[in-house]
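Structure first, commentary second.
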Amino acid sequence: MSDILGDWKRTHFCGELRKEHIGRQVCLMGWVHRRRDHGGLIFIDLRDRTGIAQLALDPDRDPEAHAKAEAIRNEFVIAAIGTVSPRPQGTVNPKMPTGEVEIEISELRILNIAKTPPFMLDEFTEVAENLRLKYRYLDLRREAIQKNLILRHQVAQTVRSYLTDNGFLEIETPMLTKSTPEGARDYLVPSRVNLGNFYALPQSPQLFKQLLMVSGFDRYFQIVRCFRDEDLRADRQPEFTQIDCELSFVDRDDVMAVMEGMIAKVFKSAINVDVILPIPRLTFAEALDRYGVDNPDLRFEMELVNLTEIVKDSGFKVFAEVAAKGGLVKALNAKGCATFSRKELDGLTDFVAIYGAKGLAWVKIQEDGSWQSPIAKFFTTQELASIGAALDAQPGDLLLFGADKPAVANEALGRLRGHLGNKLGLANPNSYKFAWVTDFPLLEWDGEERRHVAVHHPFTAPLDEDIPLLDTEPGKARAKAYDLVLNGSEIGGGSIRIHNQAVQSRMFNLLGIGEEEAQQKFGFLLDALEYGAPPHGGIAFGLDRVMMILTGAGSIRDVIAFPKTQKATCLMSEAPGVVDEKQLRELGIRLAAPSQQKQS
RNA sequence: GGGGCUGUAGUAGAGUCGGUUACAACGCCGGCCUGUCACGCCGGAGGUCGCGGGUUCAAGUCCCGUCAGCCCCGCCA
């Protein structure tokens, strides 16, 4: 049924043919996107990764090729030789880049037939994602997702050339490495030659890149896969890609300056957006105060306002008690939203409840300036005036209040701010607002484990002026850490590292990692720090998240060729799967009782 | 571990208050058609209503459970 390729050589890609090619004899190869059979004349839209070209088969001109074309169906793989011709007057298709020409086919070869695909591969058909993932190789033929992956390649190329131009060396680090405490759950790989021992897949090449600095490579980068066995989200996959960088003899400003240059170059080359440098900075404390979260969407205002001082002595017990217990009373002004219905307000209350808020007080400012609100009656005229002034309340505005422990009040209102920004269309999808967030706390108290844990990671250096705090109030020490935030998404983060063995040991101590454990888990790093480690620091960007923003993808799966489902399975390969008893025996592994295993 | 949404021909959907043979579109198959481009016209085939149980004279529809996909909380240094 199908023909051999023979000695045919492709001369052009489908999407590149233009008026300039008229008169040329060309040989195209690709997939049949669509066939239009007029009884006599047959048109075939031939597709490859560059686009679509129209093949014209005329029974009068070449009966043999035309007869062959009658059997052709969608997604057949064909090769065609013909002459690039102008389309007749009035039949030019301005919607297609190749719409001014067509190829008058003289010879046709069917290189492979194809079953009818389980779903249409055109740009119009919405397909359930589980089906797309099962037939991923077909889904990947579709233009939208091909464009994403092609852009991803271009971004990777831009990154490589920028970093190379700036003295970075691309060096690979192990995939089979050692499990370390702290951080995410590891993916483990059993060792056959060391029965009972396990490698861990890297959560990031953190320790190795620091050791490369100790080795004197000065600047390192890697576009590298990382693995974290945690639950998935729309922007989180168990294996994901980092643009991982480390630099020697630098402080924070040096890292941020080099890296924002890279980001600017990527955005210019990928989507022709000019990133204004330097990227503005705000401290973690300021971000929380003004936006409630450490990854604010800066495309719109609607900042949070702290009303704790104004309401702490008010007659509204809910607010007064929160203030008395050290909590926060904050509010935001949803401009022009006094028209919200009761149902919409309930929806907002449900939304903040997700983040632990027990309620959401509201005030609608009426056209006559009066306050419609269940809580207005609890405040004095003076208090109302102060609240109104603090929030710049105007007729038609909707004021929304949260009162809780600082963490809950900030997160609930901060997330509400982001939610409203999207709902009200304040977040312009064509706008790109970057910010560095700096001065993160070094440590965070873990109530469950009753110990401090590192906010960034255990190798992050404290601010020089906060080092004395490590002995007195470690929880107040700030870190030389920085995140790059874009449109409400954290796209990168890094820090200056501890390069002094004594400080690193002290850090482990603060984290409740004993000397023996530190030696066992991180001994090689501690040793290395004693052999002349330069001051160094670095950063890692989430390439997948960057690509989501550059492509406008709603899901991380749309920028990854073969992604996993929310349950971390691959619907195409059906990974993970069971393995032979023999394989397990070689690894010295015996499975727990079947009742403890997932049925499959 | 928890909350929510979805599941009906190959695809994406409609299906009212539980009531006749589950509907139209796209795709597919056949026929016709020499300038279409999401071609058009005529005809045809195609269904375990995710799966299991229950209520009922009667279930796509109501109830319970379960599976899968998605979104979220926890988790993700």
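Values in this document were obtained by computation on a predicted structure and should not be read as measured data.
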Report summary line: Taking for A:Asn93 and for A:Ser555 the nucleotide of RNA chain B with the nearest heavy atom, the one nearer the 5' end belongs to A:Asn93
**Report entry** Out of B:G69, B:A38, B:U34, whichever nucleotide has its closest atom nearest the side chain of A:Thr569
**Finding:** B:G69
Query raised in the report: Can a side chain N or O of A:Thr125 be found less than 4.0 Å away from OP1 or OP2 on B:A12?
Result: no
Report task. Answer with base, sugar-phosphate or nothing: what part of the nucleic acid does A:Leu131 contact at a heavy-atom distance below 4.0 Å? Result -> sugar-phosphate
Query raised in the report: Just checking A:Arg132: base, sugar-phosphate only, or nothing, at a heavy-atom cut-off of under 4.0 Å?
Result: nothing
Query raised in the report: Base, sugar-phosphate, or nothing for A:Pro88, non-hydrogen atoms under 4.0 angstrom?
Result: base
Query raised in the report: Which nucleotide, B:C71, B:U34, B:A38, lies nearest any side-chain atom of A:Lys95?
Result: B:A38
Query - Rounded P spacing from B:U6 to B:C41 in Å - result: 35 Å
Query raised in the report: Do A:Ser489 and A:Asn487 have side-chain atoms, one donor and one acceptor, less than 3.5 Å apart?
Result: no
Report task. Decide whether A:Gln203 and A:Asp186 meet the rule of one side-chain donor and one side-chain acceptor closer than 3.5 Å. Result -> yes
Query raised in the report: Of all the nucleotides listed (B:C70, B:C72, B:G27), which has the minimum atom distance to the side chain of A:Ile354?
Result: B:C72
Query raised in the report: Looking at the side chain of A:Met120, which of B:G27, B:G35, B:C37 is the nearest nucleotide?
Result: B:G27
Query raised in the report: With rounding to whole Å, what would you report as the distance between B:C57 and B:G10 at their P atoms?
Result: 34 Å
Query raised in the report: Roughly, in whole Å, what's the span from CD1 in A:Ile52 to C1' in B:A38?
Result: 11 Å
Report summary line: Closest to the side chain of A:Pro118, out of B:U34, B:C70, B:G10, is B:G10
Query raised in the report: Under a 4.0 Å N-O cut-off, is there an ion pair linking A:Arg228 with A:Glu239?
Result: no
Query raised in the report: Is the distance from OP1 or OP2 of B:A68 to the nearest side-chain N or O of A:Lys567 less than 4.0 Å?
Result: yes
Query raised in the report: What nucleic acid atoms does A:Phe459 come within less than 4.0 Å of, heavy atoms only: base, sugar-phosphate, or nothing?
Result: nothing
**Report entry** Atom P, compared across B:C49 and B:C72: separation rounded to whole Å
**Finding:** 33 Å
Requested in this report: Mind checking A:Thr460 for me? I need base, sugar-phosphate or nothing, with any heavy atom below 4.0 Å counting as a touch.
Outcome: nothing
**Report entry** Residue-phosphate contact under 4.0 Å: A:Lys115 side-chain N/O, B:C28 OP1/OP2
**Finding:** no
Requested in this report: Looking at every strand, decide which applies to A:Gln54 at a 4.0 Å heavy-atom threshold: base, sugar-phosphate, or nothing.
Outcome: base
Query raised in the report: Using 4.0 Å as the upper bound for N to carboxylate O, is an ion pair formed by A:Lys68 and A:Glu107?
Result: no
**Report entry** Length of the line joining A:Glu143:CD and B:A38:P, which is rounded to integer Å
**Finding:** 13 Å
Query - B:U66 - base-pair partner by Watson-Crick or wobble geometry, distances under 3.5 Å - result: B:G50
Report task. Would you check if there is a donor-acceptor pair between the side chains of A:Ser85 and A:Arg87 at a distance under 3.5 Å? Result -> no
Query raised in the report: Is the ring centre of A:His38 under 5.5 Å from the base ring centre of B:C39, and are the two planes under 30° apart, so that they stack?
Result: yes
Query raised in the report: Of all the nucleotides listed (B:C71, B:C76, B:A38), which has the minimum atom distance to the side chain of A:Glu230?
Result: B:C76
Query raised in the report: On a whole-Å scale, what distance lies between the P atoms belonging to B:C75 and B:U66?
Result: 26 Å
**Report entry** Rounded distance in Å between the P positions of B:C67 and B:C23
**Finding:** 33 Å
Query raised in the report: What does A:Asp122 touch in the nucleic acid at a heavy-atom separation under 4.0 angstrom: a base, only the sugar-phosphate, or nothing?
Result: nothing
Requested in this report: Mark this stacking check for A:Phe119 against B:U11 as yes or no, applying ring centres under 5.5 Å and ring planes under 30°.
Outcome: no
Requested in this report: Return the nearest nucleotide to the side chain of A:Asp231; candidates are B:C75, B:U11, B:C72.
Outcome: B:C75
Query raised in the report: So what does A:Asp229 touch, heavy atoms closer than 4.0 Å: a base, only the sugar-phosphate, or nothing?
Result: nothing
**Report entry** Listed nucleotide nearest any side-chain atom of A:Arg36, set B:C71, B:C76, B:C39
**Finding:** B:C39
Query raised in the report: Do the two ring centres, one from A:Phe240 and one from A:Phe227, sit under 6.0 Å apart?
Result: no
Query raised in the report: Are A:Arg236 and B:C72 close enough that a side-chain N or O sits under 4.0 Å from OP1 or OP2?
Result: no
Query raised in the report: Given atom CG of A:Asp37 and atom C1' of B:C29, what is their separation to the nearest angstrom?
Result: 14 Å
Query raised in the report: Can you list the residues that meet the side chain to side chain donor-acceptor pair (under 3.5 Å) rule with A:Arg451, with sequence neighbours excluded?
Result: A:Glu182, A:Glu449
Query raised in the report: Which part of the nucleic acid, if any, lies within contact of A:Ser495, taking any heavy atom under 4.0 Å across all strands shown: a base, the sugar-phosphate backbone alone, or nothing?
Result: nothing
Query raised in the report: Given that both distances must come in under 3.5 Å, which nucleotide forms a Watson-Crick or G-U wobble pair with B:G44?
Result: B:C28
Report task. Looking at every strand, decide which applies to A:Ala128 at a 4.0 Å heavy-atom threshold: base, sugar-phosphate, or nothing. Result -> sugar-phosphate
Query raised in the report: Looking only at atom C1', what distance separates B:G53 and B:A59, rounded to whole Å?
Result: 13 Å
**Report entry** A:Leu133, nearest nucleotide to its side chain (from B:C70, B:C37, B:G30)
**Finding:** B:C70
Report task. Take the angle between the ring planes of A:His419 and A:Phe351 and call it parallel below 30°, perpendicular above 60°, tilted in between. Result -> parallel
Report task. Let me know the distance between CZ of A:Arg35 and C1' of B:C33, rounded to the nearest Å. Result -> 13 Å
Query raised in the report: At under 4.0 Å, does any side-chain N or O of A:Arg233 touch on OP1 or OP2 of B:C70?
Result: no
Requested in this report: Describe the nucleic acid contact of A:Val453 in one word from base, sugar-phosphate, nothing, applying a heavy-atom distance below 4.0 Å.
Outcome: nothing
Report task. Could you check how far CZ of A:Arg73 sits from P of B:G10, rounded to whole Å? Result -> 20 Å
Report summary line: Closest to the side chain of A:Arg87, out of B:C37, B:C76, B:U34, is B:C37
Query - B:C70 to B:G50 separation - C1' atoms, rounded to the nearest Å - result: 15 Å
Report task. Under 4.0 Å between any heavy atoms, over every strand shown, what does A:Arg61 touch: base, sugar-phosphate, or nothing? Just pick one. Result -> nothing
Query - Check ion pair A:Arg557-A:Asp235 (N to O, under 4.0 angstrom) - result: no
Query raised in the report: Base, sugar-phosphate, or nothing for A:Glu123, non-hydrogen atoms under 4.0 angstrom?
Result: nothing
Report summary line: pair_partner(B:G13), Watson-Crick or wobble, both distances < 3.5 Å, evaluates to B:C23
Query - Rounded distance in Å - CG (A:Leu121) to P (B:G10) - result: 17 Å
Query raised in the report: Tell me: CD of A:Gln203 to P of B:C75, nearest whole Å?
Result: 16 Å
Report task. With side-chain contact (heavy atoms from CB on, under 4.5 Å) as the test, would you mind laying out the steps for A:His457 and A:Gln206 before giving the verdict? Result -> CA-CA 9 Å; A:His457 58 52; A:Gln206 182 60 35; 3.3 Å; yes
Query raised in the report: Given atom CG of A:Leu57 and atom P of B:C37, what is their separation to the nearest angstrom?
Result: 17 Å
Report task. Give a yes/no on whether any side-chain N or O of A:Arg415 is located under 4.0 angstrom from OP1 or OP2 of B:C72. Result -> no
**Report entry** Distance between C1' atoms of B:G60 and B:G15 (Å, rounded)
**Finding:** 8 Å
Query raised in the report: How is A:Gln566 classified with respect to the nucleic acid when contacts are heavy atoms under 4.0 Å: base, sugar-phosphate, or nothing?
Result: base
